[in-house]
Structures are given as structure tokens and as C-alpha cells.
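Every chain is numbered from 1 and lettered A, B, ... according to where its sequence line falls, protein lines coming before strand lines.
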Number of protein chains: 2
Amino acid sequence: MPPNRPRTIKDVAAWAQVSTATVSRVINHAGNVRPHTADRVANALEALGYVPNAWARAMATDGSDLVGLIVPDILNPFFAAIYSGLNETAKSRGLAVWMVDSGDNSEQERQMLHMLGGYRARGIAITPAHPAANLRAIERIGVPICLVDRRLAKNLWDMVLIDNVTGSRQVAQIFVAAGHQRIAIIAGPQNSTPGLERLSGFRDALEKEGLSMPPEYIKIGDFRLNSGYALGQELLALDRPPTAIFSCNNLMTMGLLQAIHAHPAHSLGKTVAVVGFDDIPISTLTDPPLTVVSRPMREMGVQAARLIMARMESPAKPLETVVLGPQLIIRGSEKNPGLLRWI
Amino acid sequence: MPPNRPRTIKDVAAWAQVSTATVSRVINHAGNVRPHTADRVANALEALGYVPNAWARAMATDGSDLVGLIVPDILNPFFAAIYSGLNETAKSRGLAVWMVDSGDNSEQERQMLHMLGGYRARGIAITPAHPAANLRAIERIGVPICLVDRRLAKNLWDMVLIDNVTGSRQVAQIFVAAGHQRIAIIAGPQNSTPGLERLSGFRDALEKEGLSMPPEYIKIGDFRLNSGYALGQELLALDRPPTAIFSCNNLMTMGLLQAIHAHPAHSLGKTVAVVGFDDIPISTLTDPPLTVVSRPMREMGVQAARLIMARMESPAKPLETVVLGPQLIIRGSEKNPGLLRWI
DNA sequence: TTGAGGGATGTAAACGCTGACATTGAGGTG
DNA sequence: CACCTCAATGTCAGCGTTTACATCCCTCAA
């Protein structure tokens with residue numbers, strides 16, 4: 001078994017027969033160490049397998065190199081992509097990113113906020129679970145916070161958002177252009193920004209085109225696969241099922257496709273058109289391939305990192321909101337080949 | 001703006017007019033504090049929004065509550081699932097899990113190992129990038145290490161593995177049972193356990209059935225989507241293409257499906273059968289649905305947590321290896337409806 | 001009345017590191 | 001040869017906690 005106690009700077013100093021200060025200087029490449037001495041210390045470091053204690057260093061210098069990322073669902077590749085952008089940018093400035101999962105649940109979010117606060121993270125990027133209360137509490141420990149993808153009632157933090165309204169409007173427009181009349185939506189929770197904005201943006205755009213959705217065509221899901229499946233089934237089981245469905249996030253789209261697939265009388269592109277919010281890996285594999293509104297996910301992470309680092313430098317600078325545009329990727333599943341059958 | 005300096009136990013002590021020791025006792029529910037005093041402290045904690053500094057606490061108690069998880073690709077849902085199991089188990093014992101990405105790259109793995117070592121993680125679960133050298137270095141800081149999903153040359157650590165050989169053999173057997181003669185494989189890198197074992201297990205099983213794969217039917221990929229796509233194209237473009245393909249991980253299977261989809265003369269289940277290692281979200285959506293070998297991913301995380309915590313308690317206990325069985329899920333894509341056409 | 005016992009609280013050292021300051025000594029200048 | 005300079009190195013306080021130990025004081029029994 002290896003030595004149980006991690007080596008300390010004192011062990012190294014003793015080995016090299018110098019003071020701890022000299023070791024510290026060598027480690028941190030602070031000047032004024034004779035090459036001969038530096039060599040001896042380097043040998044000691046190597047021989048003992050010394051790894052500096054990051055906490056102790058942070059305590060002494062009053063600053064960790066930790067940035068937190070709190071996401072509602074760590075299994076959702078969408079958030080993993082945000083992590084990826086955030087991490088890359090942070091890393092280039094010597095910061096490390098710790099991603100944790102709130103389960104989209106207020107209590108767990110509070111725990112995670114406290115945990116990261118306790119570790120004295122230098123900043124926190126968060127896609128908040130619904131209520132705002134948690135952030136007010138953690139805000140007092142003085143950590144820069146950046147909201148990602150979701151607004152909160154009070155406009156108190158930097159934000160990186162997606163222009164959901166524009167994205168949804170584009171979907172409405174191509175449905176209309178394809179000749180659809182019976183258009184439905186599987187929306188997200190109405191207490192979150194994306195859920196709200198995608199529904200209202202879609203509905204408003206349809207109304208501008210002179211169309212309206214009857215209540216039974218408006219389904220409110222929870223952004224998870226199962227709800228896409230269940231609500232998809234409900235829509236398909238209607239006496240007059242829609243010919244086009246807008247699914248408001250990746251997982252629900254997967255569920256919806258599954259529901260269509262499982263239904264004896266329906267098939268994608270034949271009886272029902274689908275457009276999804278968020279691109280998904282299988283979008284090119286379905287038949288017809290899936291038309292989607294794609295979000296620049298990595299870029300959201302990059303921007304969040306930028307905002308956090310900027311605020312670390314000037315805590316008092318005015319709040320900043322970055323709104324990124326979604327991209328409509330037309331692949332075919334929005335069309336309505338069965339148009340004539342249904343008129 | 002909030003107070004810039006996080007509150008310390010001293011601030012609280014001053015506010016409540018007690019000593020820091022008393023505050024500490026209240027926080028940690030160590031007894032012997034008069035209710036009246038405890039109340040006063042509790043008020044101070046609340047009023048100041050105090051969040052204990054986790055580093056300082058770890059330094060004083062010589063023990064963090066941190067466990068590291070190093071994965072080759074944080075975007076791959078497979079590893080996210082491991083995280084999920086690991087995190088849940090660790091959390092129930094008051095440990096926090098920090099997942100980081102090695103990019104399946106030795107140098108970055110080394111950095112991550114050092115980072116977690118620097119933060120004095122109590123244990124590290126890792127799916128190692130290929131060479132073993134890194135671990136020897138970090139081993140010296142005395143952290144329990146548990147390998148997940150991949151062996152290394154030297155058997156020096158606890159491990160959680162999948163029985164790849166059995167999984168692959170089952171695939172070979174159902175291909176043979178379905179009457180396939182021309183069977184190909186898209187395998188993983190041959191310097192990693194899963195890549196190696198899945199190929200050899202598959203080949204050996206076929207040979208026991210009296211079949212052999214010609215070299216052009218054996219493609220070595222890198223476990224990423226693009227290589228599944230490219231190698232799939234190569235297989236389909238052969239003069240005598242295989243009627244059955246075993247794809248050795250989730251991402252390559254996605255790529256393979258894409259290649260089949262894109263090929264004018266081929267289609268899944270009609271001209272070519274596919275079985276994948278690892279279940280994927282779309283497996284029930286393809287036509288026919290995809291037959292796969294599924295791994296108990298969360299359970300791998302749970303076991304890794306168990307091994308790490310056990311070794312934290314008794315560092316000298318004998319090495320332990322847990323081998324979990326994969327599960328064959330037969331959905332239809334292994335069949336060969338085109339059998340007659342090809343004979 | 002007094003001293004033992006023990007609950008409540010305070011004091012201070014220790015954890016591993018950094019950095020301001022102090023000390024040492026070699027080399028250069030007059 | 002005395003003095004100054006400055007590079008090289010050492011000393012020590014402090015970062016925010018916990019915890020062993022010391023102290024205080026109240027209660028109770030003899």
C-alpha cells in the first residue's frame with residue numbers, strides 16, 4: 001500500500017533541506033531560487049510524489065479556482081454540451097468546473113448551491129429550478145451567478161438565454177407554409193422560461209397566420225421522455241388528430257416519435273408531421289429526417305463562462321444578458337404528404 | 001451588491017457574542033450548549049447567511065467529502081449513467097462526487113488525476129485512458145482508486161467490469177441461430193479492455209460455431225459516431241457485404257445505422273441485420289427495433305462507490321473485482337429476412 | 001460551609017500553504 | 001578594508017475550521 005498520509009510541503013522541505021518557503025517558491029515559479037537549490041527541491045518533489053493541497057493553497061491565497069455548474073438533469077446531453085463549452089473556456093483561465101445535478105428540484109438545488117458555496121466556488125452557472133428563493137440566499141456569500149437558459153421573476157443576475165420566441169415562430173411558419181391546418185404542441189412546464197416562451201411564441205405566430213389551436217391540441221409536458229410519449233398518444237388518439245406537432249424539447253420529441261411509431265394508424269411524415277425544439281442524435285435517421293430548431297448549446301456554456309469571469313473581475317458592473325439565436329434545420333419531417341387525405 | 005467577503009465563523013461568533021468554539025459546536029450539533037446560547041448563535045447564522053468553508057473544515061478534520069469520477073467522454077450518456085449511480089450511493093454517505101472528463105487522452109487524464117489529488121479527493125473512480133503510468137503516480141498520494149469498465153495491464157486496483165466476452169458470445173449465437181453466414185464486426189480500439197474483449201469474445205464464439213470472419217469483415221473503430229459511420233460504409237460497399245453486423249458500442253451503432261440509412265441499396269432488417277453493444281434511446285424506434293446487449297450502467301456506478309467506500313475504511317483489504325453481466329435484449333434487428341436472397 | 005463534580009464556555013494549537021518581512025552572505029565600490 | 005547592495009533563503013503570521021484542554025461557576029452532598 002502507498003503511504004497513507006499525503007505528502008506536505010514540510011515533507012518536501014525536510015527532504016530537500018530547505019525551508020517551506022523555498023519549496024513554495026519553486027512550485028510557484030516565483031523567482032530568486034538558486035538553480036542548484038531548485039534542482040534539489042525538484043528532486044524532492046519527484047521523489048515524494050508531492051501534490052499540493054489545493055484547499056490549503058486556496059485558503060492562503062483567498063481564492064479557489066472553482067466554478068460551479070448546476071443543471072436540472074445531468075443525463076440530458078443538452079446540459080452536458082453546456083458543460084463542455086463552459087469547461088473549455090474556464091479551463092483556459094485556470095478555472096475548474098464542477099457540474100452537479102439539481103434534479104430540477106428546489107430542495108436539491110438548494111443543497112447544491114450550498115455545497116458549491118461551501119467550497120467557495122468563484123462563480124456559479126445555473127439553470128434554475130423554478131422558484132427564485134434559493135439564489136437570494138446564496139447570493140449573500142458573494143458569488144457571481146449566471147442564469148443559463150431560464151429567466152427568473154426578478155431580473156437580478158447575468159443571463160444567457162435562447163430566443164425561444166423566434167425559434168417557435170419559425171416552426172409555426174413552416175407548418176403553415178406546408179399547408180397544415182390542424183397543428184398541435186407538446187409544451188414544457190409553464191413555470192419555466194423555455195416552457196412558457198415556446199408555447200406563447202408558437203401560439204402567437206399561428207394566430208398571426210389566422211390559425212388557432214383548440215385546447216385539446218395544447219399539451220403541457222415536463223420536458224421528459226415519458227411525457228412526450230404519453231401526450232403524443234393522447235394527441236394521436238383524438239377523433240381529429242393534428243397533422244402537425246411541435247415538440248418543445250429533445251427528450252419529449254424522442255417520446256413523441258416513439259408514440260407515433262407505436263401507434264398502428266399513424267406514421268411519421270405520412271399522417272403526422274413533427275418538428276422538435278433541440279436537435280437530437282437520431283434526427284437524420286428517422287424517415288423522413290427530423291426538422292428541428294437547434295440551439296447553440298456549447299456556445300451557451302462559453303458565454304456563461306465569459307459572463308462569470310467578467311463579473312469576477314468587476315462585481316459591480318451592470319447586469320448583462322446574452323440572447324443567442326436558435327437555428328432552424330429543415331430536413332423534411334415538417335411536410336404534410338397526407339394533406340389531401342385529411343382535408 | 002452582496003457583501004464581497006464570505007462570512008466566517010468569527011463573524012458569527014462576534015455577532016452572537018460567543019467564542020468560535022461555541023459556534024462550531026452549534027453548527028456541528030456537538031452537545032453542551034445552553035439552549036439560550038444556541039438560539040443566539042442560530043440567529044447569527046441566519047442573519048449573516050453563514051455558509052461554512054468546506055476547505056477549512058476539511059483541513060481541520062483532515063478529511064474532505066469529495067470523490068472523483070474521471071470519464072473518457074462526459075457527453076456520452078453511458079458515463080453519465082455511471083455518475084448517476086455513483087453519486088446516489090456516495091451521497092447517501094455524505095460524499096460529493098466531482099465528475100471530470102479525460103477526453104480519453106492520457107495527458108488530460110493526468111491533469112485530472114492531479115487536480116482531484118490536489119483537492120484531496122477521498123477516492124477516485126476512473127475509466128482509464130490507455131496506459132497505466134498515470135495511476136502509479138497518483139497512487140502515491142494514498143487515494144483509493146477503482147477502475148470502471150476497463151482493466152489495465154497490472155492488476156493493482158479494485159475494479160468494476162462488464163462480462164464483455166459473454167455479451168459478445170450471445171450476439172454471435174443469435175446471429176448464427178438466425179442463419180447468418182456473412183457476419184461482420186465494428187470493434188473498438190484494441191488497446192482497451194472493452195475493445196479487445198468484445199472482438200475476441202465474438203470471434204471465438206463464431207469459431208466455435210464453425211464460422212470465421214474474413215479480415216475485411218473486421219473493422220476497428222474508436223468508439224465514436226463517425227467511425228461507426230465510416231466503417232459501416234466500408235462494410236456495405238464490399239462486393240459481398242455482410243448480412244449481419246455487430247457494433248461494439250452505442251455511438252458507433254448510431255453511426256452504423258446512419259450509414260445503412262444513407263446507403264441506397266441497403267436497409268436495416270431487409271439486407272443487413274444489426275446488433276449493438278449498449279442500449280440506445282432510439283433502439284425501440286428503428287424498424288425493426290434494435291437488438292442490443294445492454295449493460296447495467298447505473299449499477300456499475302453503485303458498485304464503484306461501494307468499492308471505494310470499503311477501501312476508504314480498510315485500505316489494506318484484498319483487491320476486489322466486480323464483474324456484472326450484460327443483458328441481451330432481443331427486439332428483432334438480428335433477424336435475416338433477406339436470407340434467401342443472399343444464398 | 002466547603003469541596004467535588006460536571007456542564008457551559010473560552011483559549012489556543014493545529015491543519016498545509018503563501019507571502020511579507022527578516023536575515024544571511026557574496027560581490028562590488030570607494 | 002569597510003561599506004553597501006541585492007540575491008538567496010529563512011521565519012512567522014494568517015487563512016477558517018475543529019478540538020483538546022483550561023477555566024469558570026453552579027449544584028449538590030457531606
Side-chain angles (χ1 to χ4, degrees), chain A residues 3-42 44-45 48-66 114 117-122 141-142, chain B residues 3-42 44-45 48-66 114 117-122 141-142:
Chain A
N4 278 332
R5 185 178 56 81
R7 308 304 191 167
T8 74
I9 204 172
K10 267 188 202 163
D11 299 323
V12 178
W15 201 100
Q17 311 205 49
V18 295
S19 71
T20 60
T22 299
V23 177
S24 177
R25 277 187 277 260
V26 172
I27 292 171
N28 299 302
H29 307 289
N32 292 354
V33 179
R34 235 181 345 148
H36 173 69
T37 314
D39 279 355
R40 205 146 35 94
V41 172
L45 293 172
L48 296 172
Y50 173 73
V51 180
N53 183 325
W55 297 320
R57 179 178 339 227
M59 283 211 50
T61 57
D62 193 47
S64 75
D65 54 358
L66 188 63
H114 266 82
Y119 280 105
R120 294 296 184 267
R122 297 282 295 275
I141 70 174
Chain B
N4 279 331
R5 185 178 57 79
R7 307 305 190 165
T8 73
I9 204 172
K10 269 188 201 163
D11 299 323
V12 178
W15 200 98
Q17 310 205 51
V18 296
S19 71
T20 59
T22 300
V23 176
S24 177
R25 278 188 276 261
V26 171
I27 293 171
N28 299 300
H29 307 290
N32 292 354
V33 179
R34 241 187 334 156
H36 174 69
T37 315
D39 280 355
R40 204 144 37 94
V41 173
L45 294 172
L48 295 172
Y50 172 73
V51 180
N53 182 325
W55 299 323
R57 179 176 338 226
M59 283 210 50
T61 57
D62 193 47
S64 75
D65 54 357
L66 188 63
H114 267 81
Y119 279 106
R120 293 296 183 266
R122 297 281 295 276
I141 70 176

query = Side chains of A/Asn53 and A/Thr8: closer than 4.5 Å at any heavy-atom pair?
reply = no
task = Look at A/Asn28 and C/dT18 and indicate whether a side-chain polar atom (N or O) is within less than 4.0 Å of OP1 or OP2.
result = yes
message = By nearest atom, which of the nucleotides C/dG16, D/dT19, D/dG10 is closest to the B/Ser24 side chain?
response = D/dT19
A/Trp55 CH2 - D/dT17 P separation (whole Å) = 14 Å
key: Any A/Arg34 side-chain N or O less than 4.0 Å from OP1/OP2 of D/dA8   = no
inquiry  = Expressed as a whole number of angstroms, how long is the span from B/Gln17:CD to C/dT9:C1'?
reply    = 14 Å
ask   = Whole-Å distance between D/dT5 P and A/Asn32 CG?
value = 18 Å
message = Quick check: on DNA chain C, is the nucleotide nearest B/Ala60 upstream (toward 5') of the one nearest B/Ser19, or the reverse? Name the residue that is more 5'.
response = B/Ser19
query = For the atom pair CG (B/Asp11) and OG1 (B/Thr20), what is the distance rounded to the nearest 0.5 Å?
reply = 11.5 Å
ask   = For the pair made of NZ in B/Lys10 and C1' in C/dT11, what is the distance, rounded to whole Å?
value = 13 Å
inquiry  = D/dT17, OP1 or OP2 - any side-chain N/O from B/Tyr50 closer than 4.0 Å?
reply    = yes
ask   = Should A/Leu66 and A/Arg120 count as side-chain neighbours, where that means a heavy-atom distance under 4.5 Å?
value = no
query = For A/Asp39 and D/dA8, what is the distance between atoms CG and P respectively, to the nearest whole Å?
reply = 14 Å
task = Ignoring backbone atoms, test whether A/Thr20 places a side-chain nitrogen or oxygen under 4.0 Å from the OP1 or OP2 oxygen of D/dG10.
result = no
message = Starting the side chain at C-beta, find the nucleotide from C/dG10, C/dT9, D/dT17 nearest to B/Thr8.
response = D/dT17
A/Leu45 CG to C/dG16 C1', straight-line distance once rounded to whole Å = 15 Å
key: Euclidean distance, A/Ile9 CD1 relative to A/Leu48 CG, rounded to 0.5 Å   = 12.0 Å
query = B/Thr22 side chain N/O closer than 4.0 Å to the phosphate oxygens (OP1, OP2) of C/dA8?
reply = no
message = If the cut-off is 4.0 Å, is A/Asn53 near the phosphate of C/dC17, judged by side-chain N/O to OP1 or OP2?
response = no
ask   = Of the candidate nucleotides C/dG16, D/dT17, D/dT19, which contains the atom at the shortest distance from the side chain of B/Thr61?
value = D/dT19
key: Rounded distance in Å - CZ (A/Arg57) to P (C/dC17)   = 9 Å
request  = Start with the C-alpha gap between B/Arg57 and B/Asn28, add the side-chain angles, then the distance that decides, and say whether side chain to side chain contact (heavy atoms under 4.5 Å, CB included) holds.
outcome  = CA-CA 11 Å; B/Arg57 179 176 338 226; B/Asn28 299 300; 2.6 Å; yes
request  = Measure from the side-chain heavy atoms of B/Arg25 and tell me the nearest of D/dT11, D/dA20, D/dT18.
outcome  = D/dA20
key: Rounded distance in Å - CD1 (A/Ile9) to C1' (D/dT11)   = 14 Å
